[in-house]
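Note that these values count all heavy atoms, side chains included, but never hydrogens, waters or copies made by symmetry. Chain identifiers are assigned alphabetically (A, B, ...) following the order of the sequence lines, protein sequences preceding nucleic acid strands; residue numbering begins at 1 within each chain.
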Amino acid sequence: MPELPEVEITRQGFADALQGARLLDLRLGKPLRWPLGVSAKALQGARLGLACRRGKYIWLPLDRPEPLGGLLLHLGMSGSLAFTPEPQVLGPHQHLAIDTSQGCLTLTDPRRFGAAVWSPALDASPARELLARLGAEPFDPALDARTLHAGLKGRRVPIKQALLAGDVVVGAGNIYACEALWQAGIHPATPAARVGPARAERLLGAVRAVLSDALAAGGSTLRDFSSSLGAIGRYQSLVAVYGREGEPCPRCRTAVKRIVQGQRSTFFCPTCQRR
DNA sequence: CAGTGGCCCTGAGCGC
DNA sequence: TGCGCTCAGGGCCACT
């Protein structure tokens, strides 16, 4: 479900409201990808800081008032966070509830690929290892086409899979990687190394444009994404190729093709996108 | 050591 | 209606 825009919109939906709240309790449902790594009791009474985002992870800092680490959250494929004024009874797919003096944050995740892991700090284990392979933030001003090009150099993987891997630039998942490549006119099967400086420049611009358009539209709602306040995304109606196999390319009217790369569907225009 | 495929898990949708 | 199959917005990890 959630790529960078959805995660960021989720974060924005509760970050301010929860900042400074007192953690009253932490309730767990079924196991997520990894164990929490701390007892609820150890966190009771902690003060919540301002939630921030790194890639598709959300970091929720805790203090008591001395630093108490924080919770690293990931929504996996099917996760969503809901912020409500009152504590919620955990439903069958709700596997984490953070009850605070200022509201309740509930993680719903049917497939349970998501995670909530306590770490003593962002740069300490286990958060450090989980974030270690992440590439640059797409909107980091320090990221430029030269850096992107350098990150792609020498790699034989198709550019689509290099984007998805997120070790050069984070944030573009399956939808936005397809959309960015369409916008940049790059065939998804192009070996990453064959994306030269000029195309790297176009690709970076396209990744940024697609992600910022999606942010402005409140993300994409394919099945059930909504923000932590329950708002529905509108980007799916702006999508050019993703999920549109057989439909005309918005630019040239050629039928959109679907291929499989690394067990994930890729959608692209065989006319507009060149190897 | 880069690249590949398996796998974690549940639900929806579709053809029969 | 029910069964079995495929597919789904992610990413770690073992293996080649």
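Here B/dC7 presents its P atom at 12 Å from CZ of A/Phe113, a figure rounded to the nearest Å. Taking atom CG of residue A/Asp167 and atom C1' of nucleotide B/dA2, one finds them 11 Å apart after rounding to whole Å. If you measure from atom CG of A/Leu164 to atom C1' of C/dC12, you get 15 Å, rounded to the nearest angstrom. When the P atom of C/dG9 is taken as reference, atom CD of A/Glu6 falls 12 Å away, rounded to whole Å. Atom CD1 in A/Ile9 sits roughly 13 Å away from atom C1' in C/dG9 (whole-Å rounding). Put simply, CD on A/Gln236 is 15 Å from C1' on C/dA8, counting in whole angstrom units. When rounded to the nearest whole Å, the span between CG of A/Leu32 and P of B/dT10 equals 12 Å. Rounded to whole angstrom, the span from the CE atom of A/Met77 across to the C1' atom of B/dG11 amounts to 12 Å.
The base-pairing partner of B/dC9, taking Watson-Crick or G-U wobble contacts with both distances under 3.5 Å, does not exist among the strands shown. Under the Watson-Crick and G-U wobble criteria, each requiring two contacts below 3.5 Å, nucleotide C/dG9 is left unpaired.
Side-chain contact check for A/Tyr176 and A/Ser220: at least one donor-acceptor pair (N or O, by modelled atom type) lies under 3.5 Å. Side-chain contact, A/Thr106 with A/Gln94: no donor N or O sits under 3.5 Å from an acceptor N or O. Under 3.5 Å, the side chains of A/Glu8 and A/Gln12 contain a donor-acceptor pair of N or O atoms.
Map A/Arg258 and A/His74 each onto its nearest nucleotide of DNA chain C; the residue landing nearer the 5' end is A/Arg258. Remark on DNA chain B: of its neighbouring residues A/Gln263 and A/Arg111, the 5'-side contact belongs to A/Gln263, judged by nearest-heavy-atom nucleotide. Both A/Phe267 and A/Arg133 sit near DNA chain C, but only A/Phe267 has its closest nucleotide nearer the 5' end.
Annotation: C/dT6 and B/dG6 have their P atoms spaced 14 Å apart (nearest Å). Nucleotides C/dC7 and B/dG5 place their P atoms 15 Å apart, quoted to the nearest Å.
Contact record, A/Trp118 with A/Gly37: CE3-O, 3.9 Å, taken as the closest heavy-atom pair.
Heavy atoms of A/Tyr57 sit under 4.0 angstrom from primed sugar atoms or phosphate atoms, though from no base atom. Residue-level contact check: A/Arg264 touches the bases, meaning some heavy atom is under 4.0 Å from a base atom. Among the atoms of the strands shown, none is found under 4.0 Å from any heavy atom of A/Tyr176.
For A/His93, counting side-chain heavy atoms from C-beta on, the closest listed nucleotide (B/dT10, C/dC12, C/dG11) is B/dT10.
Regarding contacts with the backbone of B/dC9, every side-chain N or O of A/Lys30 stays at 4.0 angstrom or more from both OP1 and OP2. In this model, the phosphate group of C/dA8 is approached by a side-chain N or O of A/Ser265 to a distance below 4.0 Å at OP1 or OP2.
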request  = Go through A/Glu6 and A/Tyr235 one step at a time and tell me if the side chain to side chain donor-acceptor pair (under 3.5 Å) criterion holds.
outcome  = CA-CA 10 Å; A/Glu6 292 76 26; A/Tyr235 189 79; over 6 Å; no

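Note that CD of A/Gln261 and SG of A/Cys178 are 8.0 Å apart. Values are rounded to the nearest 0.5 Å.
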